[in-house]
Amino acid sequence: MATKCENCPLRRRKVFAETTAEGLEFMQKFKVGELVVDAGTTILMEGSNSPQLFTALHGMGLRYKTLDSDARQVINFVFPGDFLGLQAGVMREMGHSVEAVTKMTLCVFDRREIWTLFKSYPEMAFDLVWLTSAEERFLGEALATVGQRTALESVAWALLKLYQRADALNLAEDDGMPLPIRQQDLADALGLSLVHTNKTLAKIRDLQLASWSDGLLTIADMEGLAALAGTDLSPVRTRPLI
């Protein structure tokens, strides 16, 4: 049976802001069901006009764009709590694709109700604006990473961000987290070749900062990894959950 919004396990995570009773009531009406997809499933396709919006309830995915040359740019990774499909809801088509990298459970929403949300629930409308602003901020930092950080700094930055996101969701334990993506996915996110990414990961392991093998990312020295990436260890911000 579909999870009721008031019983959503994600709402127990400290990273998500509390939702009002009125908001929960609307969300329950907004939600039309749940969808379970296998790893490798395309959830949303670039250029499509999906009638549905989604929130990732369980599992991981990735967002990516494909060029005419078939080259792929991963633009972000999907974690539980991420809202998917708003581009199609507002601009009538997706500007990127979304693919599951593990088995995923998705809360499904009727896109036709998005205007009702903006018209009748201004606090939730602000939440959507907050989420899109946070995504824009992340993309700015990611672009700076691809354009200006060295390969060593870029990989360190990516591992740190992935770990911080997992930790905020209580998915990390004993300085380790499941990381079921492929090295190719990380390479596609950072604009590096697979060989360069593999060698850079080996350097980070040799520096005893972090290691990633058999689907498990382990952080040995968080401060050292942040210093290598040229970033700080500010905590993940509390965020809305749609």
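Reckoned from all heavy atoms, side chains included, excluding hydrogens, waters and symmetry mates.
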Notebook entry, point to check: Can you list the residues that meet the side chain to side chain donor-acceptor pair (under 3.5 Å) rule with Glu34, with sequence neighbours excluded?
Noted result: Thr3, Lys31
Item checked: Non-neighbouring partners of Ser69 that pass side chain to side chain donor-acceptor pair (under 3.5 Å), sequence neighbours left out -> none
Next item on the list: State whether a side-chain donor-acceptor pair under 3.5 Å links Ser50 with Arg111.
Entry: no
Check: Below 4.0 angstrom, N of the basic side chain to O of the carboxylate: do Lys161 and Glu141 qualify?
Finding: yes
Checklist line | Counterpart residues, side chain to side chain contact (heavy atoms under 4.5 Å, CB included), relative to Asn170 (two or more places apart) | finding: Arg13
Could you give the side-chain donor-acceptor pairs of residues 176-183 under 3.5 Å, partners two or more places apart or in another chain?
residue: Arg182; atom: NE; partner: Asp185; partner atom: OD1; Å: 3.4
residue: Arg182; atom: NH2; partner: Asp185; partner atom: OD1; Å: 3.0
residue: Gln183; atom: OE1; partner: Asn198; partner atom: ND2; Å: 3.1

Next item on the list: Could you pull out the closest heavy-atom pair between Leu128 and Ile242, with the gap in Å?
Entry: CD2-CG1, 4.0 Å
Notebook entry, point to check: Testing Leu62, Ile43, Asp82 for side chain to side chain contact (heavy atoms under 4.5 Å, CB included) with Val98, which one passes?
Noted result: Ile43
Next item on the list: Measure across Leu106 and Ala56 and return the closest heavy-atom pair with its distance rounded to 0.1 Å.
Entry: CD2-CA, 3.9 Å
Next item on the list: Answer yes or no: is there a donor N or O on one side and an acceptor on the other, between the side chain of Lys65 and the main chain of Gly95, under 3.5 Å?
Entry: yes
Note to self: Donor-acceptor check, side chain of Arg63 to backbone of Val78, threshold 3.5 angstrom: yes or no?
What the structure shows: no
Next item on the list: Sequence neighbours left out, what passes side chain to side chain donor-acceptor pair (under 3.5 Å) with Asp68? Give chain and number order.
Entry: none
Next item on the list: Report the residues that fulfil ring pair (Phe, Tyr, Trp, His ring centres under 6.0 Å) with Tyr163, sequence neighbours left out, ordered by chain and then residue number.
Entry: none
